[in-house]
K.L.:
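Below is the structure I would like to discuss, written out as structure tokens.
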Amino acid sequence: MSSPVNVVVTGAAGNIAYSLLWRIAAGDVFGKEQPVNLTLLEIPAAARAAEGTAMELNDSAMPLVNDITVTDDQRKAFEGANAAFLVGAKPRGKGESRADMLAANGKIFIEQGRALNDGAADDVRVLVVGNPANTNAYIAAKAAPDLPADRFNALMRLDHNRAASMLSQKLEVPSTAFERLVVWGNHSDTQFPDITYATVGGEPLADKVDQDWYTGEFIPRVAKRGGEIIEVRGKSSAASAASAAVDHMRDWVQGTEGRWTTVARPSTGEYGIDAGLVFGVPVTGAGGEWELVDGLEISDAQRQRIDANVTALREEAAVADGLF
Ligand code: NAD
Ligand code: LMR
């Protein structure tokens with residue numbers, strides 16, 4: 001067995017963490033042979049509840065768990081961190097937009113970005129889940145100038161998984177039959193789940209779905225699925241978000257064997273996206289790094305939808321810059 005990796009989960013007493021921690025502990029992210037040291041970070045008011053979560057983790061006797069620490073001290077939490085899931089943040093309620101969460105949550109990511117900058121291991125991978133996830137990742141990366149920006153990702157795998165699942169239900173084939181899907185942009189209602197390049201069972205997908213269904217039902221339903229869950233469940237998605245976070249970090253660490261996935265990461269100017277904006281793009285994973293799927297032809301219709309996300313994220317970034 002290799003030496004343990006240090007994994008931090010923030011918002012450790014919350015709903016997503018209650019699912020995520022057990023998946024990490026089971027080896028679903030870092031591998032079935034890889035021990036983990038788990039650090040559960042919470043705010044002081046919820047630290048006791050996080051202790052309860054840690055007690056249950058201990059009671060689960062998971063063989064890969066080497067150590068569990070509960071803390072409300074973020075500097076201590078991120079010291080030596082190899083991976084950080086930044087989940088801790090207020091979820092939106094009915095009728096709120098994810099961008100509305102910026103005022104409530106943005107400052108959290110300044111503090112945590114700084115603590116990561118000063119203490120995290122050189123190979124740290126940071127996945128921001130707390131909303132608005134893209135701009136919170138932008139904030140954390142900006143607050144951590146000594147770490148490469150590409151160490152900071154935001155979660156859009158949930159959107160990607162939702163797209164695959166809706167297509168799977170529509171065409172009555174397993175979700176694994178779809179390749180070359182991407183969800184461009186922001187984890188918000190402007191996001192663009194794009195099937196232009198996608199295949200199903202090796203055949204072009206666009207030939208198999210009706211254009212009216214694609215633009216009139218599929219795109220808006222994927223984009224608004226988080227709100228639909230809040231409406232029906234009464235609170236924000238949790239187990240599916242945890243599952244997507246597991247998929248994202250696993251693929252980052254272990255690779256995708258050529259399969260495309262969607263990752264929101266700081267743009268380097270590709271596809272006309274402003275450098276620095278944390279934007280959902282198609283990637284593959286290999287050797288512990290993401291590789292952009294580059295050189296795709298973009299139609300005018302795609303360009304419009306991508307640009308709507310650039311505009312929205314530019315506006316969020318301007319608000320975020322004002323928080324520093
Ligand atoms: P929750 O309210 O159940 O738990 C959030 C926890 O975070 C709370 O226990 C709270 O005390 C803690 N917290 C708040 N500030 C913190 C800080 N500074 N440091 C550490 N912990 C802190 O919420 P949840 O359902 O677990 O959702 C968490 C976040 O994830 C929300 O912002 C939600 O909107 C977001 N989310 C994102 C996606 C996505 O796909 N990106 C999906 C689902 C939910
Ligand atoms: C989701 O997409 O389910 C989360 O971002 C929660 C939300 O506010 O929609």
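Here, residue 1 is the first one in the sequence, and each next residue gets the next number. Start at 1 and go down the list; that is how both ligands and their atoms are numbered. Fair warning: this is a prediction, and the values are worked out from it, not measured in the lab. Values reported hereafter were calculated over all heavy atoms of this structure, with side chains retained and with hydrogens, waters and symmetry mates removed.
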K.L.:
So, 4.0 Å and heavy atoms of N131: is ligand 2 close enough to count as a contact?
P.N.:
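For ligand 2, residue contact (heavy atoms, under 4.0 Å) with N131 is present.
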K.L.:
Give the atoms of ligand 2, by number and element, whose distance to some non-hydrogen atom of G226 is under 4.0 Å.
P.N.:
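So the answer, numbered in order with elements, is 1 (C), 2 (O), 3 (O), 9 (O).
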K.L.:
Which of parallel (below 30°), tilted (30 to 60°) and perpendicular (above 60°) describes H248 and W290?
P.N.:
perpendicular
K.L.:
How far apart are the closest heavy atoms of W260 and L296, and which atoms are they?
P.N.:
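Closest approach of W260 to L296: CH2-CD2, 3.8 Å.
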K.L.:
Out of L20, V87, I43, who gets a non-hydrogen atom closest to atom 29 (C) of ligand 1?
P.N.:
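Answer by nearest heavy atom: V87.
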K.L.:
At a non-hydrogen distance cut-off of under 4.0 Å, which region of H187 contacts ligand 1 (side chain, backbone, both, or neither)?
P.N.:
side chain
K.L.:
Look at atom 41 (N) of ligand 1 and say which protein heavy atom is nearest, naming residue and atom and giving the distance to 0.1 Å.
P.N.:
V129 O, 3.2 Å
K.L.:
Backbone or side chain, does any N or O of S236 fall under 3.5 Å from an N or O of ligand 2?
P.N.:
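Between S236 and ligand 2 (N or O atoms, distance only) the closest approach is not under 3.5 Å.
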K.L.:
Out of N131, I230, N136, whose heavy atom is nearest to atom 36 (N) of ligand 1?
P.N.:
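Ranked by closest heavy atom to atom 36 (N) of ligand 1, first place is N131.
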K.L.:
Compare every heavy atom of R92 with every heavy atom of G226, then report the nearest pair and how far apart it is.
P.N.:
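In terms of heavy atoms, the two residues are closest at C-NH2, 3.7 Å.
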K.L.:
Among all protein heavy atoms in this structure, tell me which lies nearest to atom 8 (O) of ligand 2, with the distance rounded to 0.1 Å.
P.N.:
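The answer is R92 NE, 2.5 Å.
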K.L.:
Write out the residue and atom name of the closest protein heavy atom to atom 5 (O) of ligand 2, then the distance separating them to 0.1 Å.
P.N.:
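Ranking protein heavy atoms by distance from atom 5 (O) of ligand 2, first comes H187 NE2, 2.6 Å.
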K.L.:
Please list, in number order, the atoms of ligand 2 under 4.0 Å from a heavy atom of I230.
P.N.:
7 (C), 8 (O)
K.L.:
Taking both backbone and side-chain atoms of T10, is any N or O found less than 3.5 Å from an N or O belonging to ligand 1?
P.N.:
no
K.L.:
List ligand 1 atoms under 4.0 Å from L41, heavy atoms only on the residue side.
P.N.:
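Taking each heavy atom of L41 in turn, ligand 1 has 20 (C), 21 (N) under 4.0 Å.
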K.L.:
In this structure, does ligand 1 have an atom that sits under 4.0 Å from one of the heavy atoms of Q112?
P.N.:
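Yes.
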K.L.:
Counting heavy atoms only, which part of S237 comes closer than 4.0 Å to ligand 1: side chain, backbone, both or neither?
P.N.:
both
K.L.:
Please work out whether any backbone atom (N, CA, C, O) or any side-chain heavy atom from C-beta onward of R162 is under 4.0 Å from ligand 2, and answer side chain, backbone, both or neither.
P.N.:
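For R162, only side-chain atoms sit under 4.0 Å from ligand 2.
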K.L.:
Counting only heavy atoms, tell me which of N15, L155, V128, I108 gets closest to atom 25 (O) of ligand 1.
P.N.:
N15
K.L.:
Between A46 and ligand 1, find which residue part has any heavy-atom pair under 4.0 Å and reply side chain, backbone, both or neither.
P.N.:
side chain
K.L.:
Heavy-atom distances under 4.0 Å are what count here, so tell me which part of D159 touches ligand 2: side chain, backbone, both or neither.
P.N.:
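Neither part.
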K.L.:
Evaluating non-hydrogen atoms only, which member of V9, I16, T71 is closest to atom 30 (O) of ligand 1?
P.N.:
I16
